Student: 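Questions regarding the structure given below will be posed in turn.
Reminder, nothing fancy here: chain letters follow the sequence lines and each chain counts from 1. Predicted model only: the values in this text are computed from it and were never measured.
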Amino acid sequence: MADSLEYRLVSATYRDKVYPDGVIFIDSRGEIELRQWTGKKGKKVQVPVARFRPELPVNVMVNGSLLKVSELTISLESASQASEVAEFLKRPPRVQQAEQVLSIAEASVKEFLVSREQAVVFISRLKTDPRGALLGAESIWAADEKKEPIDAVYASYSLRLAEAINKMVASLGGAERQLGPAVFERMCALAYTVGMAQNAALTGAAGNEQLFAALQELGIAANAQDLGSEKMTERFLQRAHPALVALTLEQMLKA
Amino acid sequence: MPKCPNGHEQALGLKCQACGAPISYRGALSELSNLPQVKPEYGAISMLTVGYPRLSSRAEFVGEIASGPTELRSSTSFHVAGIRGGTWLEFSEKYLKDLRRWMTIVGVDKATDRVLVVDTTDPLSVLALSALPKLQRTMVVAVTADQDCTPVEQNTSYVAVSLALKKGLPIIALSSSFEKEMLFFTEDRGFATGPEAMSRLLEPLLAASEDLMDLLERDLRLGIKLHCISAILAGSKNVYGIATNALMAQTYNFSLGTKPTDYRTVHTLVLASKDSQGEFEKSFGVFRNRKFKDALSAELRFKETPSPLYDMVTIYGMKGDSFLESIAGGYEAIVKSMPELNVDGV
């Protein structure tokens, strides 16, 4: 289905002003633009005369080829066109809602991965400057002095991350109900794959081709320089966003 | 691990490479709670200093235990707030727990070899030796009290050295007078005295730490924990002539004023150019026969260096109690008036 709509009008009335002919254009966000033809014959161009976004939920009334939305009443060339416009206008709230749900799901993945990235940065420092790193994490060890400091820090991070994973999965569960299992699975794949990229940045293990290919499948173009770079996680998630939106819309249309 | 509905496990990717089914990550997310294990780099040698601020060293880690106007903790410093007129006991009571924590955090036990450079007349020396865990491959380079020191210093030194011996830590001892008068000269760096001379003396010890630890541990098995030292740094044939002369010359300046009969073992570390190895080895045999014929153990360890000058350090294993006897008077004088400063109180 198209992400915008444009139809020639027989007539239109907007805020009590009558327009004998014209064009209605509705964009992907549900914004309506009423256009008039101006200019000499053969050189006519469309000029917007009104633009507005109907309040949500959009209240559309259709009677044959006549359609009324907010303060705009239009007469289209056929009843089927009026019906199609009505259907299109009703779509945006669902898309918007889906985007909102997706945004919440993405935020929960981001929250988890960013906190994990901080843990990875700490572990990275532990490798090169164990004394300074552990002194900075003394309070973590203080809570569990029976363990070696490094073991205590690992255990603490592991516990915190396990809690963060549960929180993320709970949030993704909400998204699964509204967006479907495919989007849920994709979010899980994203979280896991970026998590593996964080690990690779830390260990510097060779053979990252498989990782880069997996990231690419998620819409994340990455190379060796990206691994371990500043704010890697945030940047990877930004790169993955368009593919997630596309998948979400695809799933909505399927539904 | 992520897997497809048919149970094929796969590290990454959206489609199963075996059957083409979509890979599910739902069950694999819990793996993300585990962080990769790393091996922290603690280095080969860690050195702790007490009473020697800003000692320069080739050790990968130098931690400083000192007192100052305020408490300070960093990855390289454990500074306690000074206690006016404070004895070793007061510092130990106040800071022992904190210092043990700090030592654990900075991984004193994690480096391969450990060196504690300590002025045992400093009240913090007892604190440091109390907190130091009993570890293999650990040596104490100790500046010890002598007859020029006050009874309070002798008491502190007596307790600190007793504590190290009780823990089975090998000690290389330098009397306070020897340390004050220690002077080295090299053409490139000029004269070194005080902490700089101590830094210079430590250079060959740390450079040959593996050999040194080996010799000290062997002496420990013979029941020898205390050593004194003599050294020639940046020596040359022009100054000392043949190697035997150099070996003999160094015995005129021992770090502890004890009788030759107190020496039980003698070990020399030589850091020199390869071509001189044969001469040093041969000369060491002559040196041992002339001066230390009754030594239980005597060995020369040679370490090749590119420099045309050589460093020679000899450690002499001693009867443990001979040194303590020399400062027992001062120790007991203090214990008489302050019984809590008894060595058993540590």
Side-chain angles (χ1 to χ4, degrees), chain A residues 112-113 116 119-120 122-124 126-138 141-142 145 148-150 153-154 157-166 168-169 172 181-182 184-196 198-200 202-203 205 210-211 213-215 217-218, chain B residues 1-5 9-17 21-43 46-48 59-64 72-79 97-111 133:
Chain A
F112 164 69
L113 285 174
R116 192 175 190 277
V120 167
F122 175 82
I123 299 293
S124 173
L126 195 59
K127 196 175 167 186
T128 53
D129 176 22
R131 296 176 175 96
L134 285 174
L135 202 71
E138 193 180 352
W141 178 55
E145 281 193 31
E148 278 273 304
I150 289 179
V153 168
Y154 264 102
Y157 272 123
S158 188
L159 191 68
R160 284 192 221 175
L161 289 174
E163 286 169 4
I165 288 169
N166 289 340
M168 175 180 73
V169 169
L172 292 182
F184 174 86
E185 279 294 349
R186 180 62 66 90
M187 298 296 290
C188 292
L190 178 66
Y192 187 90
T193 309
V194 175
M196 290 303 117
Q198 292 173 340
N199 289 1
L202 180 63
T203 57
Q210 195 189 3
L211 173 67
L215 287 166
E217 277 189 281
L218 297 165
Chain B
M1 191 176 258
K3 56 185 173 186
C4 76
E9 289 190 336
Q10 189 168 304
L12 292 164
L14 295 177
K15 298 275 182 205
C16 176
Q17 286 179 352
I23 295 288
S24 174
Y25 287 82
R26 194 181 292 247
L29 288 178
S30 60
E31 288 173 34
L32 294 177
S33 67
N34 300 323
L35 293 165
Q37 293 287 328
V38 294
K39 197 175 174 206
E41 288 159 15
Y42 282 99
S46 71
M47 187 167 96
L48 291 176
E60 283 87 349
F61 170 71
V62 180
E64 186 182 290
L72 172 74
R73 305 280 182 278
S74 77
S75 61
T76 55
S77 307
F78 182 91
H79 287 189
K97 198 179 162 199
D98 284 354
L99 182 55
R100 279 190 176 139
R101 278 182 63 81
W102 181 81
M103 282 186 177
T104 307
I105 286 173
V106 301
V108 165
D109 57 331
K110 299 293 189 292

Student: Under 4.5 Å from any heavy atom of chain B, what part of Tyr192(A) do you find: side chain, backbone, both or neither?
Tutor: both
Student: I'd like to verify something: which residue of Asn34(B), Thr76(B), Thr104(B), Leu29(B) has the highest number of heavy-atom pairs under 4.5 Å with chain A?
Tutor: Leu29(B)
Student: Would you call Arg101(B) and Glu138(A) a salt bridge, using N to O less than 4.0 angstrom?
Tutor: yes
Student: For the pair Glu217(A) (side chain) and Leu14(B) (backbone), establish whether a donor and an acceptor sit closer than 3.5 Å, ignoring hydrogens and angles.
Tutor: yes
Student: Between Leu35(B) and Leu161(A), is there a side-chain heavy-atom distance shorter than 4.5 Å?
Tutor: yes
Student: Is it the case that the side chain of Ser158(A) and the backbone of Ser33(B) share a donor-acceptor pair, with hydrogens and angles ignored and the cut-off at 3.5 Å?
Tutor: yes
Student: Tell me, out of Ser24(B), Pro36(B), Ser75(B), who's got the most heavy-atom pairs with chain A below 4.5 Å.
Tutor: Pro36(B)
Student: Where does Arg160(A) contact chain B at under 4.5 Å (heavy atoms): side chain, backbone, both or neither?
Tutor: neither
Student: Would you sort out whether Leu135(A) and Trp102(B) count as a side chain to side chain contact (heavy atoms under 4.5 Å, CB included), showing the intermediate values?
Tutor: CA-CA 8 Å; Leu135(A) 202 71; Trp102(B) 181 81; 4.1 Å; yes
Student: Under 4.5 Å, counting heavy-atom pairs only, tell me which of Ala162(A), Ala189(A), Gly132(A), Pro149(A) racks up the most with chain B.
Tutor: Ala189(A)
Student: Give, as side chain, backbone, both or neither, the part of Ser30(B) having an atom under 4.5 angstrom from any heavy atom of chain A.
Tutor: backbone
Student: Spell out, as yes or no, whether a donor-acceptor pair under 3.5 Å connects the side chain of Glu60(B) to the backbone of Tyr42(B).
Tutor: no
Student: Where on Gln198(A) is there a heavy atom nearer than 4.5 Å to chain B: the side chain, the backbone, both, or neither?
Tutor: neither
Student: Find the one option among Met196(A), Arg116(A), Gln210(A) whose heavy-atom pairs under 4.5 Å with chain B are most numerous.
Tutor: Arg116(A)
Student: Non-hydrogen atoms of chain B under 4.5 Å away: do they reach the side chain of Met168(A), the backbone, both or neither?
Tutor: side chain
Student: At a heavy-atom separation under 4.5 Å, does Ile165(A) approach chain B through its side chain, its backbone, both, or neither?
Tutor: side chain
Student: Top residue by heavy-atom pair count (under 4.5 Å) with chain B, among Val169(A), Leu113(A), Thr128(A), Ile150(A)?
Tutor: Ile150(A)
Student: By a 4.5 Å heavy-atom criterion (distance strictly below it), what part of Ala213(A) contacts chain B: side chain, backbone, both, or neither?
Tutor: neither
Student: Name the member of Gly63(B), Gly13(B), Ala11(B), Pro40(B) that forms the most heavy-atom pairs with chain A at distances under 4.5 Å.
Tutor: Pro40(B)
Student: Could you tell me whether a side-chain N or O of Arg73(B) sits under 3.5 Å from a main-chain N or O of His79(B), the two making a donor and an acceptor?
Tutor: yes
Student: For Leu12(B), does its backbone N or O pair with a side-chain atom of Gln10(B) as donor and acceptor, under 3.5 Å?
Tutor: yes
Student: Between Arg26(B) and Glu185(A), is there a side-chain N and carboxylate O pair less than 4.0 Å apart?
Tutor: yes
